[in-house]
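For reference, the structure discussed in these notes is given below.
Note on naming: letters A, B, ... go to the chains in the order of the sequence lines (proteins, then strands), and numbering restarts at 1 for each one.
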There are 2 protein chains.
Amino acid sequence: MLLSNTCIYGLRASVLLASKHGDKFVTIRELSEELNISFHFLTKVLQQLTKSEILQSYKGPNGGVKLAKKASEITFMDVVISIDGNNIMKECALGMPVCSELKPCPLHDQWTAMKGNILNMMNTVSLDQLAANRHTDTLYNSYIAHARKE
Amino acid sequence: MLLSNTCIYGLRASVLLASKHGDKFVTIRELSEELNISFHFLTKVLQQLTKSEILQSYKGPNGGVKLAKKASEITFMDVVISIDGNNIMKECALGMPVCSELKPCPLHDQWTAMKGNILNMMNTVSLDQLAANRHTDTLYNSYIAHARKE
DNA sequence: TATAAATAAGATAAAATAGTCTTAATTCAG
DNA sequence: CTGAATTAAGACTATTTTATCTTATTTATA
């Protein structure tokens, strides 16, 4: 998998927050229920995003979390780096410790091109774009839809 | 990471085998030393490739493993599927259980395009092409080079 | 036929990732 | 000031992945 589960949870929560435009704090409880993610686990994930100043949090009644910046100013990549670190997609596809233009692994050229595309996408796509995309509702209700089908 | 470590070991060993053209069996011990991978672990990985009939193995003196087909007839994808299974790159980038054209997640379009490229590459590139690529030696000696540098 | 060379198989351990639970700290409202 | 609502922090557990170790099986050859 390209991104860790933890990271995916963070992304889904961030996009959901972006789709709830308005400057109010949203409780993690509410997010966890809409996203069908364990409340405690999501809490941890969002704490990390708060530390990275992607989210802002507030304790106590009427507290919760919200985006720390405008959704248009937060990229997919910001969230990924905060949670999965900035080595994402930097490694060689064959896991070689030394793989560069000078000393490329056999897959170097193909992989470099693809990495470029993915990184470019991550750097370019912002949370508001994701939130605006058709079927943002998939973010939170698909688990329910899925459950119903079984 | 896109591919598991186990899978990467399998790929490196397969490419190395492909570069040792000739129909002789090569011992896993020799492969493990050239690749700097634990002998026992590599043994397990290659057992899986043998089960999938990508490799052929032979016990006893002069035994070892070799490619079961011509290197030009084994794709990168063959090895990946054997080890990481065929769900590789099938999941939604945001981990949604339902994400399709009808009900796409916010990242669906971008991700579908990139997945297509990667899958296409994996399906297209064969072991002989990888073995023929410049610096196949990176496959096995870069660990040593790396160690020297430190 | 005995011994050594090899892979196969399975038990076990270690490390990383994922998830749960409890307690602490903060803040609002009455 | 007290109690309830909330995030923060940290201990703990579970699962998966990675790695190691031991024993079994097969095979060549002296």
Does OP1 or OP2 of D:dA5 have a side-chain N or O of A:Y58 closer than 4.0 Å? no

Specify the closest pair of heavy atoms between A:S82 and A:I54, including all atoms of both residues, with the distance to one decimal. CB-CD1, 3.8 Å

In whole angstroms, how far is the P atom of C:dT7 from the NZ atom of B:K66? 14 Å

If you assign each of A:K44 and A:V65 to its closest nucleotide in DNA chain D, which residue comes earlier from the 5' end? A:V65

Think B:Y9 has a side-chain N or O under 4.0 angstrom from the OP1 or OP2 of D:dT18? no

Distance check: side-chain N/O of A:S38 vs OP1/OP2 of C:dG19, anything under 4.0 Å? no

From the options C:dA8, C:dT7, D:dA9, select the nucleotide whose nearest atom is closest to the side chain of B:T50. C:dA8

When you get a sec, tell me which of C:dT20, C:dA25, D:dT20 is the closest nucleotide to the side chain of A:K59? C:dA25

Can you see which heavy atom on B:K24 is nearest to which on B:K66, and at what distance? O-CB, 3.7 Å

Take the protein atom CD of B:Q47 and the nucleotide atom P of D:dT18, then report the distance between them rounded to whole Å. 17 Å

Would you say B:E53 has more than 12 foreign heavy atoms packed within less than 6.0 Å of its CD? no

Whole-Å gap separating P (D:dT17) and CD1 (B:I8): 14 Å

Position toward the 5' end of DNA chain C (nearest nucleotide), A:F39 or B:G60: B:G60

Begin from the C-alpha positions of A:N123 and A:T75 and carry the test side-chain hydrogen bond (donor to acceptor under 3.5 Å, both in side chains) through to its verdict. CA-CA 6 Å; A:N123 276 313; A:T75 65; 5.0 Å; no

Working for side-chain contact (heavy atoms from CB on, under 4.5 Å), residues A:I83 and A:Y9: CA-CA 10 Å; A:I83 297 177; A:Y9 290 166; over 6 Å; no

Base, sugar-phosphate alone, or nothing: which one does B:L46 contact when heavy atoms must sit under 4.0 Å apart? nothing

Nucleotide C:dT7, atom P - distance to NZ of B:K51 in whole Å: 16 Å

Listed nucleotide nearest any side-chain atom of A:T27, set D:dT7, D:dA19, D:dA5: D:dT7

Measure CG/A:L49 against P/D:dA9 and give the value in whole Å, please. 14 Å

Heavy-atom nearest nucleotide on DNA chain C taken for A:L3 and for A:N62; more 5' hit belongs to A:L3

To the nearest angstrom, the NE2-C1' distance between A:H40 and D:dC12 comes to 13 Å

Side chain of A:F41 (C-beta onward), nearest among D:dT20, C:dA18, D:dT7: C:dA18

If you measure from the Lys or Arg side-chain nitrogens to the Asp or Glu carboxylate oxygens, is any gap between B:K70 and B:D128 under 4.0 Å? no

Between B:S4 and D:dT17, does any side-chain N or O lie under 4.0 Å from OP1 or OP2? no

Take atom CD1 of B:I83 and atom P of D:dT16, then tell me their distance rounded to the nearest Å. 20 Å

Any B:T6 side-chain nitrogen or oxygen under 4.0 Å from OP1 or OP2 of D:dT17: no

Among the nucleotides D:dA11, C:dA8, C:dA5, which one has an atom lying closest to any side-chain atom of B:T43? C:dA8

Whole angstrom value for the distance that separates C1' of D:dA8 from CD of A:Q48: 13 Å

Short side-chain N/O contact from A:S57 to OP1 or OP2 of D:dT6, under 4.0 Å: no

